[in-house]
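Here is the structure we will look at.
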Number of protein chains: 2
Amino acid sequence: MKGFIFDLDGTVYLGDRLIEGAAEAIQELRNRGDKVVFLSNKPIATRQSYAEKLTKMGIPTTVEDVLNSSLIAARYLQQVMTPTDKVLVIGEQPIRDELRAHGIQMSEDPNEVSYVVLSWDRQFTYDGLNDLYQAAIRGAKVIASNPDRTCPLEDGQIPDTGAFIGALEGATGRPIDLVVGKPSPIAAEAAVRHLGLDYHACYMVGDRLETDIKMGNDTGMNSVLVLTGISTREMAEQSEYNPRYILNSIKEIVNL
Amino acid sequence: MKGFIFDLDGTVYLGDRLIEGAAEAIQELRNRGDKVVFLSNKPIATRQSYAEKLTKMGIPTTVEDVLNSSLIAARYLQQVMTPTDKVLVIGEQPIRDELRAHGIQMSEDPNEVSYVVLSWDRQFTYDGLNDLYQAAIRGAKVIASNPDRTCPLEDGQIPDTGAFIGALEGATGRPIDLVVGKPSPIAAEAAVRHLGLDYHACYMVGDRLETDIKMGNDTGMNSVLVLTGISTREMAEQSEYNPRYILNSIKEIVNL
């Protein structure tokens, strides 16, 4: 039995358009008894919304089939926080909801938090930056949901969590403590544990060398680059992150 | 004849308190025919306000005796911009006023600017970050007023322009084009030209190793660290930026 961990945007769909053959390929994997999970770094949408989107596109998906950086952050904090610890969140409603659903105590006061979750926030302000900085210099551990510099939209890209990481590091002069989304081994472990398989039985399938492929390689999974998203064959050949397989699209996944 | 370039906060005063003996020392330099100019990286106050503050503290100062990163940015842009070029500004009113006084055309539209001035802005928002990012990836040159990570206040520090530089670099993955404030040689040249002297006849006097002392050393000035601000003798001994002179305070400057 094999396990397939699929990135979403650029791998299964592009914006609102399904990659041709994706639904059939995933159905064939499921029919033959392989396991499938979806793993997204995007912290501004709920797992439920991804499940609904995939289902509408012809890939029947439950919320349990979807892992994202918000869920991984919530589970990580559950493991490391004590009952009196509180966390300051820079992020939008979906990640706050996910943390709350996992019983994580939040606070807006940088003086009383022992953790900061740093995520994509399109309402980010200087006051938020200052809270973040004050919490960090007082010793709170800073955990980023994902390291993505930008998020692609239909007509361009806009700054993602990587910009906020840069802002904090620009103020403190030192790196943040941890990223839990791809390419972190914490994200890999969440996916592999979800599938109930060993790393070497799993295939990490995605379109980004520096997240999907790096994480697959770092953890001993089979890394699979699809050329339907952001990375090209030339980029893969010049990169330090060499995919084990390169496919024109997810359609070819059934041949592995 | 010698020229003295004085940093302000931490060197001449600490917040609202004059460093003991500063007024007398500067008066003695002036009496013996040496030249004095003040050079600040801080982009959120006007040169006029510094001149008034120094005058009230017993150091008679005109606006022409004060250089700051806003003025240096304005003069730099005057030299490099063509009449049709426009600049997007992330910054507060004083730097906008300084640019306007130098005839620099500004625009809020990231699509039509060929330069970005990136400065400290306590009203910074995600939309501003996105404008900044869009201008930068469309090829606008990004000029920062100053590189300071934080600005010290009486009860702590808050994020300065270095945080915004980090945010943009975090989104683009590449360094900004230029910093004009200290330790940039552009700031040194502005001060030395203002004094009308050669670099080797000038003394750069300040409390920060990575700005004041670095710039003095890089440009062949005599660098002078005063121990009344942020850097200690131990920090100077361990730093790659070795001051030529270390003084307990500005009071001893008359002995050089």
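To find a chain, count down the sequence lines: A is the first, B the second, and so on, and within it residues start at 1.
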Nearest heavy-atom neighbours spanning B:Tyr133 and A:Pro159 = CB-CG, 3.7 Å
Examine whether an atom of B:Leu129 lies under 4.5 Å from a heavy atom of chain A, and if so say whether it belongs to the side chain, the backbone or both; otherwise answer neither.
-> both
Using a cut-off of 6.0 Å, state whether more than 12 heavy atoms not belonging to A:Gln48 lie near its atom CD.
-> yes
Can A:Gln134 and B:Ile158 be said to form a side-chain contact (heavy atoms from CB on, under 4.5 Å), step by step?
-> CA-CA 8 Å; A:Gln134 301 304 337; B:Ile158 59 174; 3.9 Å; yes
Turns out that what part of B:Thr172 lies under 4.5 Å from chain A's heavy atoms comes down to backbone
Considering only heavy atoms and a distance below 4.5 Å, find which of B:Gly162, B:Gly166, B:Gly156 pairs most often with chain A.
-> B:Gly166
Hey, what do you get for CD (B:Gln157) to CD1 (A:Ile137), rounding to the nearest 0.5 Å?
-> 6.5 Å
Side chain from CB out, backbone as N, CA, C, O: work out which of these in B:Asp121 comes under 4.5 Å of a heavy atom of chain A, or both, or neither.
-> backbone
A:Gln123 CD: over 12 foreign heavy atoms closer than 6.0 Å | no
Answer key: most heavy-atom pairs under 4.5 Å with chain B among A:Asn130, A:Thr125, A:Thr150, A:Ile165 is A:Asn130
Heavy atoms only: give me the nearest A:Arg149-B:Glu169 pair and the separation to one decimal.
-> NH1-O, 3.4 Å
